[in-house]
Every structure is written in C-alpha cells, then in structure tokens.
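Labels below follow one simple rule: chain letters A, B, ... track the order of the sequence lines, proteins then strands, and each chain is numbered from 1. Every value quoted in this text rests on a predicted model; they were computed, and no experiment measured them.
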Number of protein chains: 2
Amino acid sequence: MPKRVDHEERRTQIADAFIRVAGRRGLHAVGMRDVAAEAGVSLRLVQYYFETKEKLLFYGVQHLTDRFTARVGTRLAAAGTDPGPRATIEAILLASLPTDEEGRTFHLLYSSYSILSVTDEALAAQPFLDNPDAAENALTGLLEQAQASGLADPGADARTEAISLLAMTATMGTGILVGQRSPESAIGVLHHHLDRIFVTAETAVAEEGPI
Amino acid sequence: MPKRVDHEERRTQIADAFIRVAGRRGLHAVGMRDVAAEAGVSLRLVQYYFETKEKLLFYGVQHLTDRFTARVGTRLAAAGTDPGPRATIEAILLASLPTDEEGRTFHLLYSSYSILSVTDEALAAQPFLDNPDAAENALTGLLEQAQASGLADPGADARTEAISLLAMTATMGTGILVGQRSPESAIGVLHHHLDRIFVTAETAVAEEGPI
DNA sequence: TTCTTCGTGATACGACCGTACCATGATGGT
DNA sequence: ACCATCATGGTACGGTCGTATCACGAAGAA
C-alpha cells in the first residue's frame, strides 16, 4: 500500500481553511477553489476528502461547534478551579461574544448556519442545533445550583433567566459584528442582569426576611 | 412620448416579488430570473427598473423596512387609541416575532441582511441599520414615560431594559424560525420581563415607601 | 402623419462554480 | 522486483447567473 495519510487530520486542515475563508468573506461566498487555495492544496484534494460541497458544509458546522466547545472549555479553565456559578456563566456568555477575531468568526458563521438552515432542510436535519439547547440546560442548572446555595434570587425562574441571558448575548453579539454596539455596552447589559439575578449575601438575607 | 408607466409602482411590484421569493428560498438563493418569474414579468424588465442586482438588493431592504414599519403601525392601531406604554411595547415586540407568515419573512430577511452586511461593506454602508437604534430609542422613551407615570419600576435603567427586550425578541424569533422554540415560549419570556419592569400599582406604592 | 423616445421582449455572452474525468507519482506488501 | 492501490495534480464539461445587445411595438409631440 502507498503513502497512507491520516484522513481525519487532512479533513481538519481543510475544514479549518474553510472556516477561515468563510469567516473572512462570508459563508455564502466560499467556494471549493477558495478553500483549496486557503489550505494550500489543490482543488482535487478538497474533492477527494469531501466529495461534495454539501458534505464540506456539514463537516464545517460540526468542526465549528467542536472548536467553539474547546474555546469555552479554555475560558472555563482560565477561570480557575471550581469557580462559582456566576463566574462560570459569565465565562460562557463572554466566550460567545465576538470580542476577538476567533469569537467574531464563531458568531458570524454560527449565525449564518442558523439562518441558512431555515431555508435549507438538509442542513436543518443536521444535528448542530443541539448546542443551543445544551447551553440553555447548562445555564439553567448553574442558576438552580446558585439558588440552592443562596447565591441567587430564589424567586427567579432559572430556565427563563437562562433563555434570556443567552438570547441577549446572541443578539448583542450580532450588534457588535455590524458595528452597532460596543463590546463594553454588551458586557454592561449582561452584568446588569447578572447583578439582578445573583443577589449579594446581605440582600439575600433581607429578601428572605419579612416577605 | 409613449406609454408612461408609474416607475415607482412597478419597482414596488418587483420588490414585493423579490421579498416573496427571498422569504421562500432564502436571500442567498434569489436570482434575477426568479424575481422576474415571481413578478410575472420578463427578465429584461427587472433589469430595466433595477439596473443591477445590487441595486435590487438595496432597494429590497428599504422596501422591507417600510413594510415592517407599516406592520407595526397596524398593530399599534389595533391596540386601540392611546394604549398604555406597556401595550405599546408589547405590540412592537410581538410584531417583531415570526408568529405568522409575514413575520416569518420579515425576521428571516432582516436577519439575512444583517449577517450579509458583516461581510459586504457596500450593504453595510446602506442606511438600514437605523431601524434597530430607532426601536431602541422608542422603547427607551416608552419605558421612561411609564416610570414617570408610576407604572414602571423607577429603579430600572430604561435603556438597558429596552436593549434587553429587543435583543431577547430577536434571538427568540430566530429560535422560532428554526423550530427550536415555540411562539408561546417566547411570548412567555417576554411577559415575564414586562411583568418585572412594569410593577403593579400596589407594588409601586410599596416600593416607594420605606426604602 | 411622422418621428422620437419609452417600455418590453428575446437572446447572446462571458465568467464562475461544482463536479467528473484522466493521468501519474509514491509506497508498501508479496 | 513488481504491482495493486492510495494520494495528488491538471483539466475539461455542463449549468447557471448577472449583464449586455439587438429588436420592435406603442404612443404622444410636431
């Protein structure tokens, strides 16, 4: 047998190139030849590892979520060992905000895929919509945990607040992308709501008092 | 001179066809020939009234916001003469939610244009981003007015809450589009926050008490 | 009536894109 | 040493898309 190359590694390399060019010129504008040039390989190679453009598109969204998951993991690790629920939630939300080049690419492409899936049923059937639900469940769990620890307002609806935080983060992220909103403004709004949900110790005691 | 046709009316007719096909197949998939077929005219006609596809695209987003403004106006009129600030805000937010076919098209296309403007600087230079700021200012004013009337929590930050409500509406609208969230769930979240901001009369009096 | 100009149609052109086809090293098992 | 097979490159084909070109009917102005 001949050279035996690690196919999965090559696919990753090409998918990375795909994400780079898509992040630069937009998902709609990316072509097979662009990906090949960006990856430094021939057009034939891209065809060889992804027979069709549709398969490259599908592999791309999977690779994108993998890399985003890794990004969140890194941020969480940087938050120190066993950070509180609030620090954990903040890390997740801030990692989703396009405040750096990587975050910008993530947000742009994830939004593009979402919008595209509305009119492309083959893409909609692809299981990449698991992520929003996963994030929603994770935040809900963290909020409930905070409530049990007396860190968060016990009267709050954990799931509703989780949905709200994620929804605000997403739209404000787009606002940052189009230059309508500054990252500081977005972070300020998020902090405002976190301050509202995560009561300070004294406030918690006071609220648990007379009622 | 020959037949003298109302150009603006023809442009509106073609732009409507453009919006219909774009809402059905996605903004990225719409071609000049599709628009012509949908409008029941020849390809040449579309070229005649919009020399280039880019101009059709730009005219389309303007026409879209015009129609959306009219939609909001209709909803407000249906809310009765001089509704309270809360009813007004609710009408604006619910009009933005894709709960019917028209709303679905509006949300899909407006999101598509926004994402497209990130990587298309010619589109980004087009003044269609005025709308988000206008809505934000309108909601901020309504909230301040409600605070002055004692209808809303005087301790709330009107602009922050306006930004939050609009941001949540937008993301949850996309959630509805992709089938991830139900309209009822989205409306429920919005009501939750409106209930939080718009305190009842008794609560308002209580809060203005001891402090 | 005639003529100029607007409105409309049919069709052609050039570019690009995804895909298919053909060719050829390279390599490791037998 | 040989050859089956994997990896890779070059190139061609069919289709579509935006745009340009040519042509003609219609109608008001002279």
Side-chain angles (χ1 to χ4, degrees), chain A residues 1-61 112-113 116 119-123 126, chain B residues 1-61 112-113 116 119-123 126:
Chain A
M1 304 295 176
K3 222 183 0 175
R4 298 318 286 234
V5 147
D6 186 339
H7 279 212
E8 205 51 42
E9 185 184 333
R10 266 253 191 278
R11 263 189 273 268
T12 297
Q13 168 197 352
I14 295 178
D16 280 334
F18 171 79
I19 288 176
R20 277 198 302 274
V21 59
R24 208 182 313 131
R25 298 213 280 265
L27 188 61
H28 67 284
V30 55
M32 304 283 275
R33 288 166 176 84
D34 302 314
V35 176
E38 178 76 21
V41 300
S42 74
L43 170 61
R44 181 68 180 85
L45 259 271
V46 181
Q47 280 190 256
Y48 184 75
Y49 289 100
F50 304 90
E51 290 106 31
T52 178
K53 187 188 181 181
E54 190 180 48
K55 292 185 180 176
L56 174 58
L57 198 72
F58 292 172
Y59 191 95
V61 69
S112 299
Y113 271 113
L116 191 56
T119 49
D120 187 328
E121 59 183 38
L123 179 61
Q126 217 70 6
Chain B
M1 303 293 176
K3 222 179 6 173
R4 295 321 287 235
V5 146
D6 186 338
H7 280 213
E8 205 51 42
E9 185 183 333
R10 264 254 193 278
R11 263 190 273 266
T12 297
Q13 168 196 353
I14 295 178
D16 280 333
F18 171 78
I19 288 177
R20 277 197 304 274
V21 58
R24 207 183 312 131
R25 297 214 281 265
L27 188 61
H28 67 284
V30 55
M32 304 283 276
R33 288 166 177 84
D34 303 314
V35 176
E38 177 77 21
V41 300
S42 74
L43 170 61
R44 181 67 181 86
L45 259 274
V46 181
Q47 280 190 258
Y48 184 76
Y49 289 100
F50 304 92
E51 289 106 32
T52 178
K53 186 188 182 183
E54 192 180 47
K55 292 185 180 176
L56 174 57
L57 199 72
F58 292 172
Y59 191 95
V61 70
S112 300
Y113 271 113
L116 191 56
T119 49
D120 187 328
E121 59 183 38
L123 180 60
Q126 217 70 6

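The two residues A:I19 and A:G60 make their nearest non-hydrogen contact at CD1-O, 4.1 Å.
Remark: A:D34 pairs with A:R25 by the salt bridge (charged side-chain N to carboxylate O under 4.0 Å, His left out) rule, at least two apart or across chains. Scored by the side chain to side chain contact (heavy atoms under 4.5 Å, CB included) test, A:E8 finds A:D6, A:R11, A:Y59 as partners (sequence neighbours excluded). Contacts of A:E54 classified as side chain to side chain contact (heavy atoms under 4.5 Å, CB included), with partners at least two apart in sequence or in another chain: A:T52, A:F58, A:A122. Every residue was checked against the side-chain hydrogen bond (donor to acceptor under 3.5 Å, both in side chains) condition with B:R33, not counting sequence neighbours, and none meets it. In terms of the salt bridge (charged side-chain N to carboxylate O under 4.0 Å, His left out) criterion, residue partners of B:R24 (sequence neighbours excluded) are, by chain and number, B:E38.
Separating the CD atom of B:E9 from the C1' atom of C:dG7 is a distance of 15 Å, rounded to the nearest angstrom. In this entry the distance linking CZ of A:R10 with P of D:dC6 reads 16 Å, nearest Å. In this structure, B:K53 atom NZ and D:dT19 atom C1' are separated by 12 Å, rounded to whole Å. Put simply, CG on A:L56 is 14 Å from P on C:dC17, counting in whole angstrom units. Atom OH of A:Y48 and atom C1' of D:dC6 are 5 Å apart (whole Å). For the pair B:Q47 CD and C:dT11 C1', the computed distance is 11 Å after rounding to whole Å. Rounded to whole Å, the distance from CD on B:E51 to P on D:dA20 is 10 Å. The separation between A:R11 atom CZ and D:dT8 atom P is 12 Å, rounded to whole Å.
At a cut-off of 3.5 Å, with distance as the only test, a side-chain donor of A:R10 or A:Q13 sits close to an acceptor on the other residue.
Scanning residues 13-33 of chain B for heavy-atom distances under 4.0 Å to DNA chain C yields B:R33. Listed in residue order, the members of residues 38-45 of chain B having a heavy atom less than 4.0 Å from DNA chain C are B:S42, B:R44, B:L45.
Sorted by first then second residue, the ring-ring contact (aromatic ring centres under 6.0 Å, His included) pairs that include residues 6-47 of chain A, not counting sequence neighbours, are A:H7-A:Y49.
Set against C:dT19, D:dT19, C:dG7, the side chain of B:H7 has C:dG7 as its closest nucleotide.
Exactly one residue among B:V35, B:L57, B:L56 makes a side-chain contact (heavy atoms from CB on, under 4.5 Å) with B:V30. That residue is B:V35.
Counting any heavy atom pair closer than 4.0 Å across all strands shown, A:Y49 reaches sugar-phosphate atoms only and no base atom.
At C:dT19, one or more side-chain N or O atoms of A:T52 fall inside 4.0 Å of OP1 or OP2 (strictly under the cut-off).
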